[in-house]
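Everything below concerns the one structure shown next.
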Amino acid sequence: MPKGKKKSKGKGKGKSKVKKDVLGTDGDSKKVLKTYERNCSMSNSQMYPGIKQLLKAAAEENKVITKFILESVQVVKENDLPVLLDPFLSALRQERYKHVKDLHIWDYLMSYEDMASLALILEKSIFPIRLLELLDCLIDCQTIPRLARSLIFCEQMTILVLDYNEFGDEGCKLLCAGLASNITLLSLSLSYCNLGVKSGTYLGHTVSNTAISELYLDGNELQTEGAIELIKLLVDQAELEAYQREEEAKRLEEEKIELANLERIKRYESGTEASLGSETEVTSQTEKGKKKKKKGKGKRKKKKRAPKGPPPVGPWLNKLHLADNGIDGYGDSGQLAPIICMRLFKKLLMNSKCFVELDLEDNSISELGGREILEGLTARKEAKLGACKVRTIHKMTADTFNAIVKLGSSLKKKGKRKGKKGKKKKK
């Protein structure tokens, strides 16, 4: 496990937690338990102790397990059999256990065979997996293509977490190729995956052509150039939408003026526009007429809510986390690069209505970059686009930093995971 990584309390080694719901299962959990035992005996491995215990409890209580958390189990004694992942995944697949929704695999060295076994589950529509987390599983460029191919067929997955798998730019490229045809994924987390500048281009294109609205990239090395490539299409779309909103507001104002002029002409032709008092009288009569109509209608029937459609596909982001990504003046683009990058973020803040969260902590954006962020937040407030949570580094003047904190709704740092040790700056 990478140094500094922290998990929530109660998640010790070898323990597996599940969420159980009461359903008419007809012994589904019992069938999975028996098949899992058989698979382990055939593969000369032992069962996950926590999974075995929980499957037994679920079978006795006629409950199903919807959430699995599996961690690596260290072999204590020399003659003990290893705890393998494939027998469990095969049991789910063989018994067509269609209740699993959330699957977490932590600190397990996944081979290509393990990834293939997992991919066979993801590719079947009967398994309604909505969240997949492969945390620190040493996924590399050899195994990630198998995962990427399965993402094309995932019709219900909305959250994918691949933190602490250092597959780099090449792995990111392969992953993005698999996500190109996916229209359901909403949240993607690739923190501490050794991503570089090139990944900014791959991810920028992917975000702009899929439904992904939350992107977590903390602890990588996108640097200034990669961050610019990541958001430039988002900025273009935000500016286009701002222009459309402005034009729509002008059109509505013109229509309002035109309607007022037509009303005035009608009243003048009918001889009722003799004074301002007559105009007030007409208005009050109209309001009374509306009230009478409302009384005569009786109770209104409640309208049924229309079913939610698929998430929108396009260059929109709600949340973007880029903490500790080497966004500073030490790259090839020089000292002005962070200011140019922050200027793009300013445009995104002041124009994007859906953008609600930005994390730029542990990046040297300087005082000038901070002023750009502050201007974007100020313009956003004036345009009444809603609050946006922003976190930046404190290495700027106190006035600028405090103003950003005040306007940025003070984004709180999550305690779920901690990053690795700080990176060395380039000389």
Checklist entry - Are L215 and L190 close enough that some pair of their side-chain heavy atoms sits under 4.5 Å apart? => result no
Checklist entry - Which is it for L103 and L118 under the side-chain contact (heavy atoms from CB on, under 4.5 Å) test, yes or no, and what are the steps along the way? => result CA-CA 10 Å; L103 184 58; L118 174 61; 3.6 Å; yes
Checklist entry - Can you say whether the rings of Y97 and F68 are parallel (under 30°), tilted (30 to 60°) or perpendicular (over 60°)? => result perpendicular
Checklist entry - Is a side-chain N or O of D324 found less than 3.5 angstrom from the main chain of G219, in a donor-acceptor match? => result no
Checklist entry - Would you find more than 12 non-hydrogen atoms of other residues, nucleotides or ligands less than 6.0 Å from H104 atom NE2? => result yes
Next on the checklist: Pair E361, T392 - check side-chain hydrogen bond (donor to acceptor under 3.5 Å, both in side chains), show working.
Outcome noted: CA-CA 4 Å; E361 193 180 34; T392 62; over 6 Å; no
Next on the checklist: Does either side chain, that of S117 or that of D114, offer a donor lying less than 3.5 Å from an acceptor on the other one?
Outcome noted: no
Checklist entry - Distance from E241 atom CD to D236 atom CG, nearest 0.5 Å? => result 11.5 Å
Checklist entry - Do N220 side-chain atoms and L222 backbone N/O form a donor-acceptor pair below 3.5 Å? => result no
Item to check | Side chain S352, main chain L349, donor-acceptor under 3.5 Å | outcome: no
Next on the checklist: Counting C-beta onward and ignoring hydrogens, is there a side-chain heavy-atom pair between Y108 and L70 closer than 4.5 Å?
Outcome noted: no
Checklist entry - So, does T184 use its side chain to make a donor-acceptor pair with the main chain of M157 at under 3.5 Å? => result yes
Item to check | CD (Q94) with more than 12 external heavy atoms under 6.0 Å | outcome: yes
Checklist entry - Does the pair E254/K250 count as a salt bridge with the N-to-O cut at 4.0 Å? => result no
Next on the checklist: With a 3.5 Å distance limit and no angle check, can you tell me whether R380 reaches the backbone of G386 through a side-chain donor-acceptor pair?
Outcome noted: yes
Checklist entry - Does some side-chain heavy atom of N325 sit less than 4.5 Å from a side-chain heavy atom of T224? => result no
Checklist entry - Do the charged groups of R245 and E248 touch, with an N to O distance under 4.0 Å? => result no
Next on the checklist: With rounding to the nearest 0.5 angstrom, report the CZ to CG distance, F167 to N194.
Outcome noted: 9.5 Å
Checklist entry - Would L92 and Y36 satisfy side-chain contact (heavy atoms from CB on, under 4.5 Å), going step by step from the backbone distance to the final call? => result CA-CA 8 Å; L92 294 179; Y36 185 24; over 6 Å; no
Checklist entry - To the nearest 0.5 Å, what is the distance between OG (S45) and CG (N39)? => result 8.5 Å
Checklist entry - Within a strict 4.5 Å, meaning less than it, do heavy atoms of the L348 and L358 side chains meet? => result no
Checklist entry - Is there a donor-acceptor pair under 3.5 Å between the side chain of N209 and the backbone N or O of T206? => result no
Next on the checklist: Can a side-chain donor-acceptor contact be found between H321 and E357 if the only test is distance below 3.5 angstrom?
Outcome noted: yes
Checklist entry - At their closest point, which heavy atom of L33 faces which heavy atom of K52, and how far apart are they? => result CD1-O, 4.1 Å
Checklist entry - Side chains of D169 and S199: donor-acceptor distance under 3.5 Å anywhere? => result yes
Checklist entry - E214 and Y216: side-chain hydrogen bond (donor to acceptor under 3.5 Å, both in side chains), yes or no, with the steps? => result CA-CA 7 Å; E214 298 180 7; Y216 302 92; 3.1 Å; yes
Checklist entry - Under the side-chain hydrogen bond (donor to acceptor under 3.5 Å, both in side chains) test, which residues partner S366, sequence neighbours left out? => result none
Checklist entry - Do S72 and D107 pass the side-chain hydrogen bond (donor to acceptor under 3.5 Å, both in side chains) test, and can you show the C-alpha distance, the side-chain angles, and the key distance before you say yes or no? => result CA-CA 6 Å; S72 62; D107 307 325; 5.2 Å; no
Checklist outcome for this item: Closest non-hydrogen atoms of T143 and S111, given as atom of the first, atom of the second and distance, are CG2-C, 4.0 Å
Checklist entry - Are V390 and L377 side-chain neighbours, meaning at least one heavy-atom pair lies under 4.5 Å? => result yes
Item to check | Nearest heavy atoms of A227 and I327, plus distance in Å | outcome: CB-CD1, 3.9 Å
Item to check | Heavy-atom side-chain contact between S125 and F153 under 4.5 Å | outcome: no
Next on the checklist: Within the 4.5 Å heavy-atom criterion, are H99 and D28 side-chain neighbours or not?
Outcome noted: yes
Next on the checklist: Less than 4.0 angstrom from a charged side-chain N to a carboxylate O is my criterion; do R371 and E375 meet it?
Outcome noted: no
Checklist entry - Given L134 and M115, is the side-chain contact (heavy atoms from CB on, under 4.5 Å) satisfied, shown in steps? => result CA-CA 10 Å; L134 305 177; M115 186 63 77; 4.2 Å; yes
Checklist entry - Roughly how far apart are I231 CD1 and L344 CG, rounded to 0.5 Å? => result 4.5 Å
Next on the checklist: Take a 6.0 Å sphere around NZ of K346 and say whether it holds more than 12 heavy atoms from other residues, nucleotides or ligands.
Outcome noted: yes
Checklist outcome for this item: Those residues at least two apart in sequence (or on a different chain) that pass side-chain hydrogen bond (donor to acceptor under 3.5 Å, both in side chains) with E123 are R146
Next on the checklist: Between I129 and I121, does the side-chain contact (heavy atoms from CB on, under 4.5 Å) criterion hold? Intermediate values first, please.
Outcome noted: CA-CA 9 Å; I129 294 179; I121 293 177; 3.7 Å; yes
Checklist entry - Distance-only, no hydrogens or angles: does the S29 side chain make a donor-acceptor pair with backbone N or O of L55 under 3.5 Å? => result no
Checklist outcome for this item: Rounding to 0.5 Å, atoms CG (N402) and CG (L407) come to a distance of 11.0 Å
Item to check | Contacts of E239 that satisfy side-chain hydrogen bond (donor to acceptor under 3.5 Å, both in side chains) - sequence neighbours left out | outcome: none
Next on the checklist: Once rounded to the nearest 0.5 Å, what's the spacing between atom CG of L160 and atom CG of L185?
Outcome noted: 5.5 Å
Checklist entry - Going by heavy atoms in the side chains, are L147 and L122 under 4.5 Å from each other? => result yes
